[in-house]
Amino acid sequence: MRNQQQQITRTEYNPSEIESRWMTQWEKDKQNRSVIDRSKPKHYALTMLPYPSGELHIGHWYAMAPSDARARFMRMNGYNVLFPMGFDAFGLPAENAAIKRQVHPKTWTYANIERMRQQLKMMGTMFDWEREAVTSDPEYYKWTQWLFLKFFENDLAYKKLSPVDFCPSCNTTLAREQVVGEDRVCERCGTPVIKKELDQWFFRITKYADELLEFDHFRWPEKVMTMQDNWIGRSEGAYVTFYTEDGDPIEIFTTRPDTLWGATFMVLAPEHPLTLKVTSAEQHDAVHDYIDEAGRKSEIDRTAEGKEKSGVFTGGYAINPVNDERIPIWIADYVLMGYGTGAIMAVPAHDERDFEFARKYGLKIIPVRQPEGVELNGDTMPEAFLEDGVMVNSGPFDGTFSGSEKGLKNPGIKAVIEYVEEKGVGRLGINYRLRDWLISRQRYWGAPIPIVYCEQCGMQPVPYDQLPVELPEDVEFMPTGESPLRSHAGFLNTTCPACDGPATRETDTMDTFMCSSWYQYRYLSPHYDGGPFDPVEAAYWLPVDQYTGGIEHATMHLLYTRFFSKAMRDCGIFDPTVEVMKEQGATDEDIEILFYEPMLALVNQGMILGEPQEGHTVVVEGTFVDHKLIADRVTVINSYADADDVASNGGDRVVGEVIKRTDNTITIETPHRDVVAEVHDGTTFEVPGFGPTAGLQQIKYRLGIEKMSKSKGNVVAPDEQVALYGADTVRAYLMFAFRWEKGGPWDSEGIKGVVRWINDVWEIVTDGPPDVSIDTSKTDRDLARQTHLGILRVTDSLREFSFNTAVAGLMELKNAVQRAENVSAEAWRNAVETMLLLMAPVTPFISEELWHRLGHEDSVHLQSWPVYDESIAAADEVTLVIQVNGKVRDRINVPAGISEEDARAAAMESEVVQRHLQGREPKKVIYIAERAMINIVG
RNA sequence: GGGGGAGUGGCGGAAUUGGCAGACGCGCAUGACUUAGGAUCAUGUGGAGAAAUCCGUGUGGGUUCGAGUCCCACCUUCCCCA
């Protein structure tokens, strides 16, 4: 029986009313305003800021809602939490929208921000909106430009003529990582890229390559560190100089100097400056033809594995500096001028590509490393030898061990590098795959690069007091291949800061990755005008303690932001912060942490994919022309059985499931074959619920698990889900449905479990405590025990970002409270209050509402996290699991804390155990007290 | 080709890191209440079997009193880089 009085006050759960009310209240109370409070430990939680594309989609929710739950959890655990939000607002889509819809990029961007900000608030996040930063605000990009100038002053920004990847469709240059796939297409639009020579701005990220390889100071996923490691691609080896017979030096880089004695020929890139010089008269024509041909091929065509390698002998020879052998010089297009030195030494015995090349052109192969006790023969070996071995044919090094391992850790490599250095023919060399960061974009909607060009004084930085260099709003931004700023006279023409003479501005804008490389600092003081951030705020909040976001940023954003923090350090930008820290008595250790890394911990969430769906079952009537059905009428039916209800009009007719849809056809799967039906202007559609407006777009087709996209029609709109179930339910479902790191397809059935859970919680609390008069001491203790087990489970889960098990733990606790019919009001209240506290990070609105309905005045979100008490959680009785030879045979209830002897005695009394022992004496008994398990080996 | 993940019921996933496999939820089944059920409630739900019991975490081997978890080989699959 439930308490009568409480039952009267019971109301239906109405999420939209509750949520809008609390949203307003929290804002009024400034509940989420984070200010410096030195009495508490700080926790800077950060989640990647969105691009303001127009609508907040379910992926944003999936990334942000769990991050928010974690931040709220930390706040209840006594931390002073900063959890800011902003917008990465510069970028190409704004310009595309401008071109397509005749709206100004600024108008479009800021309208989107306005809308998305409201949508974000609906989510119930604890974002401190007073710290919001928008990268396209002049008060933001002023400091982006300021940082550029600092880098420029410190020789970390420079300009050079450089071939760049250019997307002819987006009409812009692309960074290396924005070109994707085997076909080398534009990341954004899929168009194949072309090469273009342009004067470009670069950041000297390669200067930090080694430092960026240090991953000691933070807790990042192994995967991200590996990806960055590969991306930087450090290789240790040697630069060795060969000479042509005419005495011209050819420098090569090799990661395997231990194979120098096996270099039987050299290969130059066709573009190598010495190519023509070494070419003999007889080979002149062949070499010229080859160079022409190579010039027409793309880099991919030239280097793709599996492609047959081609080359031409130049007729020239070089001398191998370690053994004075005369070796032929070839040219081949698989050697690229832009990589390394544009020349290689070829060691066919120990390199697959060189081996293939040597066999094809009948070049000499000399093994210089072989397994012990085996003799390799260059003429007969079937493939290059790449395994561990001992050096041979290598002069002084014969007999030295040389493994397959690369780098200085390999004794053979180390010894040979020392040898060539001593001999003066080579030196230790470290090569990186990482290139300098190209930041120039020939685009309008970005931060202008603050440089002017004066005919008298040359390139001049814009003085700091003239920042920001503002983007003019009245521009023509149709794509021309040049920056639209170039045709804007008011922007372009300026005066030289040095001589006051006429000058022109740099019209390139900065890569938006630059804006997002330092936003974590701007959040601290988005309106501060004394620098990029307020040192007082920075001294307290930095660095970021917990970062969350998508794995897709592993090698771009996350590498760039690390570079930024290190470059900023070297430009002295943190000096004022250090001063403040010192004044406040920070230890050297505290200060050191500031410089480790921008984000100390990182967790990557996965992706929400589209829900698989069956296609509509349809009746299509029309006329067959060849094998194509020209459709006059398409009728959606519930099942095949209903097909007869669709009156026939006498024409051709097909019934089946729609498995595919294009702009003007649908494919129908029938028992016999798949039929393609083409629709025309006169085709009528009958789709239940759509009436006369129904069209081809309303026909659902079969869909597997795929990324959400508008064209596939599998997009889940969070606003609709919120309208249906409330924000708490959507948040909780996203946390419950998958492992956060993994993600998965949306399941509109699966959300029901969360709906039921939330409704049950609402009922339990609004119904009030059970009305009992009998003795409740045992049931009270039971409920308290389960409550504390719940505390343990939810706490551990949230700490570990295991949101799905946190929600599972909350559901278990709800089940326990629901089942507890005979408990005292006090025990009930303890359990329910604890449950609401544990729910607060996950479902902030309903937790707050019910907390207040229990009579509290303070917000649930400002309470302390419940503390687990082991003694309350301990059970009086436990189930002893009895195994015989490792298999579970019996379970018996025994008092908790039973001794090993007693457990053993109890186990041996079990009939089942005796049966399985078949009279044998136990050889051994293993008792695991903490698992209440005993294993009898007999 | 190289590097890194991941394979557990019909499905999403748990499993205290070597100790009761399948928590929690979806779905499903049976029943109840219902004009109705895509609402709600109750019970059940890895497979086989009447039961005792046997089988079971991609496959094959190994270590161990004990393996989803550790080791070796293989298969499948996803991501990243070529």
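Letters A, B, ... are given to chains in the order of the sequence lines, protein chains preceding strands, and every chain is numbered from 1.
At a threshold of 4.0 angstrom between heavy atoms, the contacts of A/R739 are confined to the sugar-phosphate backbone, with no base atom among them. Residue contacts for A/N815: at a heavy-atom cut-off of 4.0 Å it reaches the sugar-phosphate backbone alone, with no base atom in range. The residue A/N935 sits close to a base: some heavy atom pair falls under 4.0 Å. When heavy atoms are screened at a 4.0 angstrom cut-off, A/V881 is found touching base atoms of the nucleic acid. Backbone-only engagement by A/M811 is indicated by non-hydrogen atom pairs under 4.0 Å involving sugar-phosphate atoms exclusively. Among the heavy atoms of the strands lying under 4.0 Å from A/R756 are primed sugar atoms or P, OP1, OP2 only; no base atom is included. Within 4.0 Å of A/F736, counting heavy atoms only, lies at least one base atom of the nucleic acid. Residue A/Q883 is in base contact, counting any heavy-atom pair closer than 4.0 Å across all strands shown.
Atoms CD1 and CD1, from A/I205 and A/I232 in turn, are 7.5 Å apart once rounded to the nearest 0.5 Å. In this structure, NE2 on A/H57 lies 9.5 Å from CE on A/M708, to the nearest 0.5 angstrom.
Taking atom C1' in both B/U45 and B/C26, the straight-line distance is 13 Å, to the nearest Å. Nucleotides B/A48 and B/U40 place their P atoms 29 Å apart, quoted to the nearest Å. Taking atom P in both B/A29 and B/U34, one finds a spacing of 22 Å when rounded to whole Å. Distance check on atom C1': B/U77 versus B/C33 gives 48 Å, rounded to whole Å. Rounded to whole Å, the C1' atom of B/A51 lies 35 Å from the corresponding atom of B/G12. Comparing the C1' positions of B/A67 and B/G2 gives a spacing of 31 Å, expressed to the nearest Å. Of the C1' atoms belonging to B/A15 and B/G22, the separation is 8 Å, rounded to the nearest Å. Of the P atoms belonging to B/U53 and B/U63, the separation is 29 Å, rounded to the nearest Å.
Of the candidates B/C81, B/A14, B/G19, B/G19 carries the atom nearest the A/I928 side chain, counting heavy atoms from C-beta on. The side chain of A/F738 approaches B/G13 more closely than any other nucleotide in the set B/G13, B/A82, B/G27. The side chain of A/K924 has B/C65 as its nearest neighbour among B/A23, B/C54, B/C65. Relative to the side chain of A/H916, the nucleotides B/G27, B/G3, B/U53 differ in distance, and B/U53 lies closest. Candidate nucleotides B/G27, B/C55, B/G3 were compared by shortest atom distance to the side chain of A/K887, and B/C55 ranks first. Among the nucleotides B/G13, B/A14, B/U53, the one closest to the side chain of A/K742 is B/G13.
Distance, A/E611 CD to B/C26 C1': 12 Å, rounded to whole Å. Rounded to whole angstrom, the span from the CZ atom of A/R915 across to the C1' atom of B/C54 amounts to 13 Å. Atom CZ of A/F801 and atom C1' of B/G13 are 20 Å apart (whole Å). Following rounding to the nearest Å, A/L609 (CG) and B/G12 (P) show an atom-to-atom distance of 12 Å. In this structure, the CD1 atom of A/I551 is 14 Å from the C1' atom of B/A6, given to the nearest Å. Between the CD1 atom of A/I758 and the P atom of B/C24 there is a distance of 18 Å, rounded to whole Å. Spacing between atom NZ of A/K752 and atom P of B/G25 amounts to 15 Å, rounded to whole angstrom units. Following rounding to the nearest Å, A/D760 (CG) and B/U40 (P) show an atom-to-atom distance of 9 Å.
With both pairing distances under 3.5 Å, B/G46 is matched to B/C55 as a Watson-Crick or G-U wobble pair. Base pairing annotation: B/G10 forms a Watson-Crick or G-U wobble pair with B/C26, both donor-acceptor distances under 3.5 Å. Summarising the base pairing, B/G18 is matched to no nucleotide, lacking a Watson-Crick or G-U wobble pair whose two defining distances lie under 3.5 Å. Pair assignment for B/A67 gives none, since no Watson-Crick or G-U wobble pairing has each distance under 3.5 Å. Nucleotide B/G1 forms a Watson-Crick or G-U wobble pair with B/C81, both donor-acceptor distances falling under 3.5 Å. In this structure, B/C41 and B/G31 make a Watson-Crick or G-U wobble pair, each of the two defining distances being under 3.5 angstrom.
In this structure, A/R799 does not reach the B/U16 phosphate: none of its side-chain N or O atoms is under 4.0 Å from OP1 or OP2. An OP1 or OP2 oxygen of B/C20 is reached within less than 4.0 angstrom by no side-chain nitrogen or oxygen of A/R889.
Between A/E356 and A/R359 no salt bridge is recorded (no basic side-chain N to carboxylate O distance below 4.0 Å).
Taking for each of A/P745 and A/G886 the nucleotide of RNA chain B with the nearest heavy atom, the 5'-most of the two is the partner of A/P745. Residue A/V888 is the one, among A/A808 and A/V888, whose nearest nucleotide of RNA chain B lies closer to the 5' end (criterion: closest heavy atom).
The glycosidic torsion of B/G9 lies within 90° of 0, placing the base in the syn range. Annotated as anti: B/U53, whose glycosidic dihedral deviates from 0 by more than 90°.
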Handout entry: Full working for side-chain contact (heavy atoms from CB on, under 4.5 Å) between A/I608 and A/F738
Key = CA-CA 9 Å; A/I608 292 289; A/F738 331 91; 3.3 Å; yes
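A cation-pi arrangement is present between A/R433 and A/W231 under the rule of less than 6.0 angstrom and at most 45 degrees off the ring axis.
Across all non-hydrogen atoms, the minimal contact from A/L838 to A/P866 is CD2-CG, 3.8 Å.
With A/Y733 as the fixed residue, the ring pair (Phe, Tyr, Trp, His ring centres under 6.0 Å) test singles out one of A/W757, A/W746, A/Y725, A/F803: A/W746. A side-chain contact (heavy atoms from CB on, under 4.5 Å) with A/Q228 holds for exactly one of A/L213, A/L558, A/L212, A/L434; it is A/L558.
Ring-plane geometry between A/F801 and A/W740 is classed as parallel, the angle between the planes falling under 30 degrees on a 0 to 90 degree scale with a further cut at 60.
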